[in-house]
Amino acid sequence: MTQAHTPDQVWWRQASFYQIYPRSFMDSNDDGEGDLAGIIAKADYLAALGIDAVWLSPFYPSPLADGGYDVANPREVDPRFGNLDDFDALISTLHSRDIKVVVDVVPNHVSVEHEWFKQAVASPTGHPSRERFHIRDGRGVDGSLPPNNWVSVFGGSAWSRLADGQWFLHLFDSSQPDLNWTHPDVVADGLETLTFWLDRGVDGFRVDVAFGLMKDMTYADHHDPQALIDAMRLDLFDPERDPSLPNPREVLRGGPFFDRDEVHEIYRGWRRLLDTYSPERMSVAEAWAYPASRAMDYARADELHQVFNFDFMVTPYRADAVIKNAQEVLDNVSLVGAPATWVLSNHDSARVVTRLGGGARGAARARVLAMIAHALPGGVYIFQGEELGLEDAEIPDADRQDPIWFRTQGQDPGRDGARVPLPWEAAGEHYGFSKAAKLWLPQPGDWHEVCVDVQENRDGSFLSLYRSMLTLRSEVNRECSEKDFAWLTEVGAVDSEIVAFTRGDALTVIANLGRQSVSVKDLLWGKQVFLMTGTFDGEHLASDSCIWLR
Ligand code: GLC
């Protein structure tokens with residue numbers, strides 16, 4: 001039976017979500033780190049941007065060993081970011097501007113500072129409090145070898161030793177012990193956290209490492225543990241690899257901790273809870289499963305609502321590749337009735353301008369890709385600063401914060417370059433972010449031209465484009481459904497650099513991803529341009545240009 005939905009019930013399906021990394025958004029108390037009051041202070045900016053929702057990265061009490069994804073208490077606000085009253089004020093401020101609020105939940109692991117872990121550490125071997133984690137005896141005569149050969153996503157063994165000689169599992173940093181999701185306390189606590197924030201008025205959740213919660217409880221060695229981890233790394237994936245060779249992500253099938261079948265039962269429980277709230281609450285899974293059709297299982301009607309489409313973030317800037325990815329995603333989501341999601345960047349990836357080559361060309365391409373992504377049916381996710389066209393910042397080694405940098409002994413610089421505090425005012429101290437003497441991550445010296453106040457008043461700036469695009473995409477999505485979609489260019493054609501499609505009568509998109517100007521006369525049908533990036537003379541669309549017509 002199809003359910004009748006009022007517009008408010010389906011607000012999330014084609015919504016635009018703006019990811020706020022609170023530490024780097026806006027600092028209201030001049031301690032060098034952003035905070036909740038800083039977000040409230042910029043509510044007008046968010047409203048003017050035209051987004052439907054914000055997704056807040058973690059703001060929970062945390063030693064910040066992994067930027068807050070090491071949570072010491074999932075039902076509190078870290079004093080550095082404010083308190084629960086600030087959170088309530090943030091919700092009401094954003095809701096009064098028609099902006100929904102989605103918060104991150106981090107169910108796979110906690111911080112070593114979490115009460116449960118402190119209790120487990122303080123308790124003797126065999127104590128029930130240890131069963132909430134994966135705490136095991138080691139191997140070797142004196143147990144001095146880890147229980148198995150699993151490795152951490154951040155480098156090194158996935159096991160660290162406790163003072164009494166037992167070992168605990170951490171798929172990420174050694175400060176992030178993994179929870180044992182077969183334990184009823186863990187399941188109950190997860191639901192309690194969701195309820196806590198739902199009752200405070202949040203509109204949804206972004207579920208961190210959603211596909212990692214269940215582990216092979218026999219703890220058997222894996223034949224290639226490093227390949228499992230590499231398969232998770234967006235930056236290691238080679239989209240141009242020889243397609244006749246096996247996909248390196250194949251290794252994820254039937255693996256010991258990512259994407260195990262048992263994990264779905266957790267989300268069925270979560271969905272039952274979410275469905276008791278009205279209007280509809282949403283959830284989005286971080287689950288880069290393989291193959292992509294398997295990722296869709298997380299967005300089945302009785303599980304979470306969406307899955308991030310990370311494949312789009314590794315798709316080469318080529319018309320055939322973009323079209324192929326988009327069609328695959330649309331095919332896959334239609335299997336489960338979920339909306340597609342389009343993601344260009346987040347706090348774990350390179351910034352999109354940087355990924356596309358940096359400089360003027362990287363920027364031009366990022367604008368084209370955004371105009372494609374924002375026009376496709378489904379939801380879009382924007383990482384703060386993407387709307388300013390920021391590039392990854394150079395971070396001096398001495399200032400680096402990412403545990404990846406430390407755990408790989410500096411071999412992998414990590415993700416700090418994309419996490420630098422936002423530039424608000426060209427003339428302000430630290431570009432108006434903070435009056436602190438030192439920021440938690442330094443900003444580049446040459447960001448004057450990309451500051452919000454400079455871009456706001458400049459036609460054709462990145463920010464102006466995003467504002468127009470976000471407002472216009474909402475109008476388009478009000479006029480047409482997700483089903484209103486058709487390619488104007490052949491799927492699978494490799495000789496064309498044009499991506500073109502329609503959204504019913506509401507929108508035609510034509511983008512030129514090639515190096516040459518191309519006549520697009522045959523695709524125009526007398527329609528008028530209402531948004532563009534690059535150059536269009538009425539017939540020829542220049543390289544790295546895109547037009548929206550109606
Ligand atoms: C997710 C987060 C990332 C974090 C990791 C461990 O992938 O997006 O930032 O480091 O989980 O929590």
Side-chain angles (χ1 to χ4, degrees), residues 17 19-24 55-72 74 102-114 117 133 150-156 158 169-179 181 190 193 205-213 215 228-237 252 257-259 263 283-289 295 298 304 306-310 313-314 341 343-351 381-384 392 400-408 412-420 440-441:
F17 295 84
Q19 180 189 357
I20 292 184
Y21 196 73
R23 229 176 156 186
S24 291
W55 145 31
L56 296 177
S57 277
F59 49 83
Y60 314 116
S62 164
L64 298 180
D66 182 23
Y69 285 90
D70 47 324
V71 179
V102 170
V103 298
D104 230 300
V105 281
V106 188
N108 181 67
H109 45 264
V110 292
S111 158
V112 286
E113 297 289 316
H114 188 284
F117 193 72
F133 298 91
W150 297 355
V151 292
S152 148
V153 175
F154 291 167
L169 176 71
H170 52 87
L171 289 186
F172 295 88
D173 189 50
S174 56
S175 65
Q176 294 167 295
D178 279 45
L179 288 166
W181 274 87
T193 297
F205 299 97
R206 177 264 187 189
V207 185
D208 190 64
V209 199
F211 78 151
L213 276 47
K215 317 285 166 6
L228 276 174
I229 298 305
D230 292 351
M232 279 286 296
R233 295 267 309 267
L234 285 165
D235 54 327
L236 294 183
F237 185 76
L252 289 173
F257 39 75
F258 292 135
D259 196 31
V263 79
S283 51
V284 55
E286 185 194 30
W288 199 30
Y298 294 81
L304 303 177
Q306 294 179 331
V307 192
F308 289 124
N309 166 16
F310 291 123
M313 288 169 66
V314 293
T341 61
V343 188
L344 295 180
S345 66
N346 64 29
H347 66 295
D348 294 326
S349 75
R351 285 202 171 272
Y381 283 84
I382 302 151
F383 176 45
Q384 68 178 38
D392 280 358
R400 289 194 190 280
Q401 306 274 340
D402 191 341
I404 293 185
W405 160 258
F406 297 105
R407 287 189 64 86
T408 63
D412 185 331
R415 303 158 292 180
D416 293 323
R419 297 177 173 182
V420 169
W440 78 279
L441 277 179

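Throughout, numbering of the chain's residues begins at 1 and tracks the sequence. Read the numbers this way: they start at 1 and go in the same order the structure lists the ligands and their atoms. Computed from a predicted structure; not experimentally measured.
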Indicate yes or no for a side-chain donor-acceptor contact from [X] to the backbone of [Y] under 3.5 Å, with no hydrogens or angles considered.
{"X": "Trp55", "Y": "Arg206", "value": "no"}
{"X": "Gln401", "Y": "Trp440", "value": "yes"}
{"X": "Tyr60", "Y": "Asp104", "value": "yes"}
{"X": "Asp70", "Y": "Gln176", "value": "no"}

Going by the order shown, which atoms of ligand 1 are within less than 4.0 Å of some heavy atom of [X]?
{"X": "Arg415", "value": "3 (C), 4 (C), 9 (O), 10 (O)"}
{"X": "Val209", "value": "1 (C), 11 (O)"}
{"X": "Arg419", "value": "9 (O)"}
{"X": "His109", "value": "6 (C), 12 (O)"}

Would you mind checking which non-hydrogen protein atom is closest to [atom], with the distance to 0.1 Å?
{"atom": "atom 3 (C) of ligand 1", "result": "Asp348 OD1, 3.2 Å"}
{"atom": "atom 2 (C) of ligand 1", "result": "Asp208 OD1, 3.0 Å"}
{"atom": "atom 10 (O) of ligand 1", "result": "Asp66 OD2, 2.6 Å"}
{"atom": "atom 7 (O) of ligand 1", "result": "Glu286 OE2, 2.8 Å"}

Could you tell me which residues satisfy side-chain hydrogen bond (donor to acceptor under 3.5 Å, both in side chains) with Ser345, sequence neighbours excluded, listed by chain and number?
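Residues passing side-chain hydrogen bond (donor to acceptor under 3.5 Å, both in side chains) with Ser345: Glu386.
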
Step through it carefully: locate the ring centre of Tyr69, locate the ring centre of His347, and say whether they are under 6.0 Å apart.
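Centroid distance Tyr69-His347: below 6.0 Å, so yes.
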
Select one of side chain, backbone, both or neither to describe which atoms of Arg206 lie under 4.0 Å from any atom of ligand 1, heavy atoms only.
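It is the side chain that gets close, since no backbone atom is under 4.0 Å.
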
Applying a heavy-atom cut-off of 4.0 Å, say which part of Phe154 lies close to ligand 1: side chain, backbone, both or neither.
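For Phe154, the contact with ligand 1 is made by the side chain alone.
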
Carboxylate-amine/guanidinium contact Arg419 Asp348, below 4.0 Å
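Salt bridge flag = yes for Asp348 with Arg419.
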
